[in-house]
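The structure under discussion is supplied below as structure tokens; questions concerning it will follow.
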Amino acid sequence: MSRQIVSVVGGKEAAVAGTYTSLNPARTGEVVARVGLADAGTFAAACRTAKEAQREWARVPAPVRGRVIASIGRLVEANAERLARLVTEEIGKPYAEALGEVREIVDTCDFFLGEGRRLYGQTVPSEMPDKNLFTFRNPIGVAAVVTAGNFPVAVPSWYLVPALLCGNAVVWKPAEYAAASAEAMFRLFTASGLPDGVLNIVFAGGADTFDGLELALGEGTVQKVGFTGSSEVGRKVGELAGRHLQSACLELGGKNPMVIMPDADLDLAVEGALFSGFGTAGQRCTSLGTVIVHESVHDEFVERFARALHAADIGDPAGDVLAGPLLDQKFADRYEEFLTWLQPHHKVASGNVGRITEDNPRGDFDGGEGLYYHPVIVDGVQPGDRLFLEETFGPIVGVTSFATLDEAIELANLPGYGLSSSIYTTNAKHAFRFREGISAGMVSVNNSTSGAEAHLPFGGNGKSGNGSRQSGMWVLDQFTRWQSMNWDHSGRLQKAQMDVAEIEPDLDFRLP
Ligand code: UN1
């Protein structure tokens, strides 16, 4: 029996203006949820409700808010298998990965529950006597958070958990095709005792969300926009926020490079390339885009990589597989377009290309009713190719070669993204030179481009984002604003820069 879900604003079900059907991408005949969609007006109303609720929530002492985060972590942990099963059912993520994704929420809660007892401000010395200076972290107000469905629960938790901990209210708009997973997570969050209106969930289409956000920003009910999704939409969201003098927290696409040096452990590099290129069917923002392999080991690497891919299991995500289907029909359609970027100078090193069907099977797997695609390794990609320059969300990895490390770094930076990156080398000098030269926000050494831990700064530069960082203590700057306070208890007006004591130095002094 499929679920019926609707937006919840201020603890109440919100009006429905349209419908969406979330399907199981492994068996597209199966309905996971029927989703009632809200319109732009409801989105803006949710932001007004959040604004009302935020005032009281900000007055709850931060350590008490930290206890609420602790409860959320416990609730998620106790429901981990159920939530992971639902994620697998709704977006086709292999169960082991889905369980890892749920773990990431718990890790995030573990980190922030203690932050409730820190949220440190500073005491700062004044330039004048009998005066004290302080800094405080203030909540920003309301965060409107729009998230993608490839990480339908972990990535939203990177916004929701710190935003709530810091004393903000949230209006969360998850991806429609991952609505049931999002709604389940919302239920777990609200079961922690969060007051109504502090966390609201709005299901809406992209255009309605954008219009609703514009209305809300105009009404002054949103102080922070968080967006995870494509660079194209991120640009529009960033522009809209900028018009309202706000800097959005943007987590966008990537064309994540992996450089393989001649001194690399090739088997390790193959393992890393296989997981980061084809795990999650290549649908992480941190997924591997292009392998940039030294010319002396190029042929050997491509052969081993293709062999490893051939041996990998693709199939029912409930089982022990490297990858399941694509997330949703929309992603399958887009992926088919990426495949048209293949050109005669490219060499497909992996076998069949396109949708896995009875006529185009992968071994004895015919894909059934699922959105399964052959994973593709494309050798010979060149710097001018779309396959080299643009994100190709899906199971396709390009390979190109280089002669010097400087050339490899230049190639790695060329597409203009800057999310994640990786180098395989046994030489520390190479690793540090790469780190210095790469434009990415995240660098792996002898590790896959994906799989960041939940308490390091996560985010990108260039087309991957506007420099905002999520996770760990760094995200606090997204969800709080610094306030400085000075308190003069001298009983007179002491003017800064003017009434400051001076100690005269003898600047002509020289050592004999
Ligand atoms: C994403 O695809 O939006 O680092 C996030 C990783 C995961 C998060 C990916 N922890 O691959």
Side-chain angles (χ1 to χ4, degrees), residues 84 87 91-94 96-111 145-162 172 174-175 177-178 181-182 185 226-234 237 248-258 271-289 322-324 326-328 331 334-335 391-395 397 417-422 440-445 447-461 463-465 468-472 474-475:
V87 167
I91 60 154
K93 180 173 284 198
E97 276 193 55
L99 214 45
E101 160 152 14
V102 173
R103 182 72 234 170
E104 208 164 331
I105 312 173
V106 179
D107 295 346
T108 301
C109 291
D110 282 355
F111 184 87
V145 174
V146 179
T147 53
N150 62 331
F151 272 82
V153 292
V155 171
S157 79
W158 298 353
Y159 291 101
L160 270 47
V161 171
W172 175 29
Y177 64 89
S181 307
M185 174 155 131
F227 174 78
T228 297
S230 69
S231 304
E232 187 193 345
V233 178
V237 172
C249 181
L250 300 176
E251 206 257 274
L252 311 177
K255 187 74 185 176
N256 308 298
M258 175 180 286
E271 212 184 330
L274 187 70
F275 178 67
S276 53
F278 301 108
T280 333
Q283 301 166 108
R284 294 190 188 208
C285 57
T286 51
S287 288
L288 172 60
L322 174 66
L326 295 197
L327 298 163
D328 173 61
F331 290 86
R334 245 184 35 196
Y335 181 69
E391 182 179 37
T392 45
F393 209 70
V397 171
Y417 291 83
L419 188 61
S420 185
S421 62
S422 148
M442 297 179 284
V443 185
S444 295
V445 180
N447 191 13
S448 134
T449 55
S450 59
E453 295 185 39
H455 53 289
L456 266 188
F458 188 102
N461 307 315
K463 286 193 260 177
S464 296
S468 50
R469 295 291 180 264
Q470 297 189 277
S471 296
W474 299 273
V475 76

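Please read all numbers here as calculations on a predicted model, not as lab measurements. Atoms considered below: every heavy atom in the structure, side chains included; atoms not considered: hydrogens, waters and symmetry mates. Atoms within each ligand, like the ligands themselves, are counted from 1 in listed order.
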Between F275 and ligand 1, which residue portion shows a heavy-atom distance shorter than 4.0 Å: side chain, backbone, both, or neither?
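None of F275 does.
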Please report the shortest heavy-atom distance between S448 and F275, naming the atom on each side.
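Reported closest heavy-atom pair: OG-CD2, 3.8 Å.
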Rounded distance (nearest 0.5 Å) linking atom OH of Y177 with atom CG of N150:
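Here the rounded value is 5.5 Å.
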Which of the numbered atoms in ligand 1 are under 4.0 angstrom from any heavy atom belonging to A452?
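It comes down to these atoms of ligand 1: 4 (O), 6 (C), 10 (N).
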Specify the protein heavy atom at minimum distance from atom 9 (C) of ligand 1: its residue, its atom name, and the distance to 0.1 Å.
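Nearest neighbour among protein heavy atoms for atom 9 (C) of ligand 1, to 0.1 Å: F151 CE1, 3.5 Å.
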In terms of atom number and element, which parts of ligand 1 are under 4.0 angstrom from non-hydrogen atoms of S450?
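Atoms satisfying the 4.0 Å criterion: 11 (O).
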Closest heavy-atom contact between C109 and V161?
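Of all heavy-atom pairs spanning C109 and V161, the closest is SG-CG2, 4.0 Å.
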Is the closest N or O pair between T286 and ligand 1 shorter than 3.5 Å?
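Yes.
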Number the atoms of ligand 1 from 1 as they appear, then name those within less than 4.0 Å of a heavy atom of E251, with their elements.
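By the 4.0 Å cutoff, the relevant atoms are 3 (O).
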Going by the atom numbers of ligand 1, which of them fall below 4.0 Å from some non-hydrogen atom of G451?
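Result: 4 (O), 6 (C), 11 (O).
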Minimum heavy-atom distance between S420 and T286, given as atom pair plus value:
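So the two residues come closest at CB-CG2, 4.2 Å.
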Counting each atom of ligand 1 from 1 as listed, which ones have a heavy atom of V155 under 4.0 Å away?
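Heavy-atom distances to V155 below 4.0 Å select 3 (O), 5 (C).
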Listed once per pair and sorted, the salt bridge (Lys or Arg N to Asp or Glu O under 4.0 Å) pairs that draw on residues 272-286, sequence neighbours left out
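For residues 272-286: E97-R284.
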Considering only non-hydrogen protein atoms, determine which one is nearest to atom 8 (C) of ligand 1 and report residue, atom name and distance to 0.1 Å.
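Minimum-distance protein heavy atom for atom 8 (C) of ligand 1 reads W158 CH2, 3.7 Å.
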Smallest separation among heavy atoms of Q283 and L326, with atom names
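Reported closest heavy-atom pair: OE1-CA, 3.5 Å.
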Tell me, do M185 and L160 make a side-chain contact under 4.5 Å, heavy atoms counted?
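Answer yes - side chains close enough.
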Criterion side-chain hydrogen bond (donor to acceptor under 3.5 Å, both in side chains) against Y159, the qualifying member of T228, T147, T108:
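One option only clears the test, and that one is T228.
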So if I count the atoms of ligand 1 from 1 in the order they appear, which ones are less than 4.0 Å from some heavy atom of F458?
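That gives atoms 4 (O), 5 (C) of ligand 1.
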Quick one: which ligand 1 atoms are inside 4.0 Å of a heavy atom on C285?
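By the 4.0 Å cutoff, the relevant atoms are 1 (C), 2 (O), 3 (O), 5 (C).
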Any idea which atoms of ligand 1 are less than 4.0 Å away from a heavy-atom of E104?
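Checking each atom against E104, I get 10 (N).
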Trace of the side-chain contact (heavy atoms from CB on, under 4.5 Å) decision for E101 with V155:
CA-CA 9 Å; E101 160 152 14; V155 171; over 6 Å; no
Does any N or O atom in N150 lie less than 3.5 angstrom from one in ligand 1, N or O only?
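Among all N and O atoms of N150, at least one is under 3.5 Å from an N or O of ligand 1.
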Between Q283, Q470, R284, flag the one that comes closest to atom 7 (C) of ligand 1 by a heavy atom.
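The nearest heavy atom belongs to R284.
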